Amino acid sequence: MGIKGLAKLLSDEAPDCIREVELKSLHGRKIAIDASMAIYQFLIAVRSGGPNQQATMLTNAEGETTSHIQGMFNRTIRYMTEGIRPVFVFDGKPPDVKSHELIKRREKREKAQAALAVASEEGNVEEQDKQSKRLVRAGTKENEDCRKLLTLMGVPVVTAPCEAEAQAAALCKAGLVYATGTEDMDALTFATPILVRKLTFANASKSMVQTMNYNKVIEGLAISHDQFVDLCIMLGCDYCDTIRGVGPKTALKLIREHGNIEKVIETIDRKKFVVPESWVPNEKKLDAQSDDDDEEGVESPSKEENNGIVDTEELIPAYVQARKLFNEHEVLNDIELKWKPCQAEDLQKFLVDDMGFNVDRVKNNIEKLQAAYKANSKPQTRMDSFFAVKANPNAAKSAAKRKADAAKAKAAVSKKKTKKH
DNA sequence: ACTCTGTCTCAAGACGGC
DNA sequence: TTGAGACAGAGT
DNA sequence: GCCGTCC
């Protein structure tokens, strides 16, 4: 998931694209959030039981998991009370090229399943916990639950035709939201104008969030959008392998020098840097047509492609396909986002009767939600001028930060020296 | 000296009471 | 699972 | 700030 090492690369090479801002500064903003990612986090983190017992999900009377509801409910209310209007974006069908990756995950999951069975047999609590975390997945059920919850809360929900990050980026580009809220750096590759990270409430009081600005990324790295996409592919994305021996530094250098992946492949010493076969399908075809194995035995639901298509698809280098996914990802275009008052009665019913939540707490929270909704619908919630003025002093700040970074770098170097000692 | 790879570790949500 | 950070070790 | 609870 995401682009390997991109966050670090940006903080090293294009520090001006990153800003630490107060949560308050997002007041009045609409933000698109990757729901599947959030749900997954909740399923992993929201558990009861101490270190000595089996950590278990929160559940209702029927034994169905409610951790994700708990997490989603709280967080959404928190967003609203902070004056942030969230829209949750759900994943659609993953793109075909991801299937290799998904098959691998599935195999791992099956292994974990077996390991869990063994651990239960042996009563190995620690192992059970480990394996059950490994099994966590935001399935259809959890997604449906959250969709229902959010709808009852009056929060808009968008189901992407494909990847949520791409859809969120599209919403942002269309000006329907201010930013994409995610930890997944993919969003930048999809060219979301603004990405907000750490949009969580870990440290309650001084909650700072991190924003990344796409234009400043391009500016800071001094490369074009197409080059940035190629760079991301070389760093490592979900859609294809990478060149062995080329990490972040080298990838950036190579892209700057040669402009695109084709030229890079032409130029580099391929004995030192191993280019994945899928990147040069023509060569494979030319010199040996012997071993053909494409993960047989695993389900491939739609085998309706005819031979002609399969052949040409195989001749397209993997990085070209990845590029296409980043640049021409399928998204919905004409969307209307509406924040409505919550359906208090049904919401309470859902949480209390179906999910077994505590009545008083639910009532309390619904009141909070309603108050927040009211406050947010008042006109002029956002004082743009105020923040626009604030933007200026920040230029000086970033210059200062650059200085500080340089100093830090120096310090780090001398530290290394003393350490090695 | 620099970069990449592999291995390890740890935490992962949000709230409230104390 | 992921990500980040720290560190060792190997390749250039 | 830590730690138990939420379901």
Side-chain angles (χ1 to χ4, degrees), chain A residues 1-9 11-12 34 36-53 55-79 81-82 101-102 104-109 111-112 129-138 145 182-186 197-207 234-236 238 242-254 268-269 271-274 350-362 364-365 368 412-413 415-417 419-420:
Chain A
M1 226 146 277
I3 310 295
K4 216 178 289 168
L6 180 57
K8 187 163 184 303
L9 182 75
S11 86
D12 292 344
D34 180 347
S36 311
M37 181 133 298
I39 293 170
Y40 177 77
Q41 308 283 10
F42 291 137
L43 290 175
I44 294 262
V46 184
R47 284 158 177 251
S48 79
N52 275 334
Q53 7 168 348
T56 58
M57 308 268 201
L58 307 183
T59 58
N60 66 8
E62 279 83 56
E64 296 167 316
T65 299
T66 54
S67 295
H68 53 303
I69 309 278
Q70 177 78 222
M72 185 69 83
F73 188 53
N74 284 332
R75 188 183 283 186
T76 304
I77 288 173
R78 184 65 186 271
Y79 284 152
T81 58
E82 295 288 349
E101 193 54 35
L102 294 177
K104 269 188 226 156
R105 282 183 206 170
R106 189 180 138 150
E107 280 166 2
K108 274 184 193 162
R109 180 167 295 127
K111 251 183 229 165
D129 187 38
K130 204 168 98 192
Q131 297 300 344
S132 73
K133 274 194 187 174
R134 215 167 266 178
L135 278 169
V136 164
R137 169 171 50 162
D145 290 344
T182 180
E183 302 308 305
D184 194 338
M185 298 293 291
D186 276 8
R197 301 175 85 203
K198 313 269 147 70
L199 194 48
T200 171
F201 309 98
N203 20 310
S205 58
K206 271 230 160 119
S207 64
M234 290 181 75
L235 291 175
D238 278 1
T242 58
I243 303 176
R244 186 140 223 277
V246 175
K249 307 274 182 185
T250 318
L252 180 57
K253 189 170 145 253
L254 289 173
I268 55 170
D269 180 349
K271 290 201 178 104
K272 281 184 209 156
F273 303 103
V274 183
F350 176 63
L351 290 172
V352 177
D353 299 350
D354 299 350
M355 298 297 159
F357 279 46
N358 175 288
V359 193
D360 296 327
R361 272 193 200 116
V362 168
N364 222 327
N365 279 323
K368 262 202 231 169
V413 168
K415 221 185 206 174
K416 249 187 214 165
K417 269 184 195 160
K419 227 184 204 173
K420 254 190 190 159

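Keep in mind the model is a prediction, meaning the values are calculated, not measured. Lettering of chains follows the sequences in order, A, B, ..., and the numbering in each one begins at 1.
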So, OP1 or OP2 of [N]: does either fall under 4.0 Å of a side-chain N or O from [X]?
X        : N      : value
A:Arg47  : B:dA12 : no
A:Arg78  : B:dA14 : no
A:Thr200 : B:dA14 : yes

key: DNA chain D-proximal residues of residues 353-360 of chain A, any heavy atom under 4.0 Å   = A:Met355, A:Gly356, A:Phe357, A:Asn358
note = Applying ring pair (Phe, Tyr, Trp, His ring centres under 6.0 Å) to A:Phe42 and not counting sequence neighbours gives none
request  = Please name all residues satisfying side-chain hydrogen bond (donor to acceptor under 3.5 Å, both in side chains) with A:Gln41, sequence neighbours left out, ordered by chain then number.
outcome  =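 Listed in chain order: nothing, the list is empty.
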remark   = Hits for side-chain hydrogen bond (donor to acceptor under 3.5 Å, both in side chains) against A:Asp184, two or more places apart or cross-chain, chain-then-number order -> none
task = Check DNA chain D for consecutive Watson-Crick or G-U pairs with both distances under 3.5 Å and list the runs of at least three as stems.
result =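 Detected stem regions: B:13-18 with D:1-6.
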request  = For A:Ala61, report the nucleic acid contact type (base, sugar-phosphate, nothing); a contact means any heavy atom under 4.0 Å.
outcome  =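 Here A:Ala61 touches no strand at all.
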task = With heavy atoms under 4.0 Å as the rule, sort A:Lys272 into base, sugar-phosphate or nothing.
result =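 The residue A:Lys272 makes sugar-phosphate contact but no base contact.
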remark   = Quick tally for nucleotides 4-10 of chain B: nucleotides whose base has a protein heavy atom under 4.0 Å get B, sugar-phosphate-only ones S, the rest -, giving SSS----
inquiry  = Suppose you measure atom C1' in D:dC7 against the same atom in B:dC8; what distance do you get, rounded to whole Å?
reply    = 35 Å
[X]: salt bridge (Lys or Arg N to Asp or Glu O under 4.0 Å) partners, not counting sequence neighbours:
X        : value
A:Glu183 : none
A:Lys368 : none
A:Lys272 : A:Asp269

Output a table of donor-acceptor pairs, distance under 3.5 Å, between side-chain atoms of residues 353-361 of chain A and any protein atom two or more places apart or on a different chain; print 'none' if there are none.
| residue | atom | partner | partner atom | Å |
| --- | --- | --- | --- | --- |
| A:Asn358 | OD1 | A:Asp360 | N | 2.9 |
| A:Asn358 | OD1 | A:Arg361 | N | 2.9 |

Pairing residues for A:Ser36 by the side-chain contact (heavy atoms from CB on, under 4.5 Å) criterion, not counting sequence neighbours =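 Per chain and number, A:Ser36 pairs via side-chain contact (heavy atoms from CB on, under 4.5 Å) with A:Asp34, A:Asp91, A:Asn143.
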Identify each donor-acceptor pair in which a side-chain atom of residues 246-254 of chain A lies under 3.5 Å from a protein atom, sequence neighbours left out, and give them as a table.
none

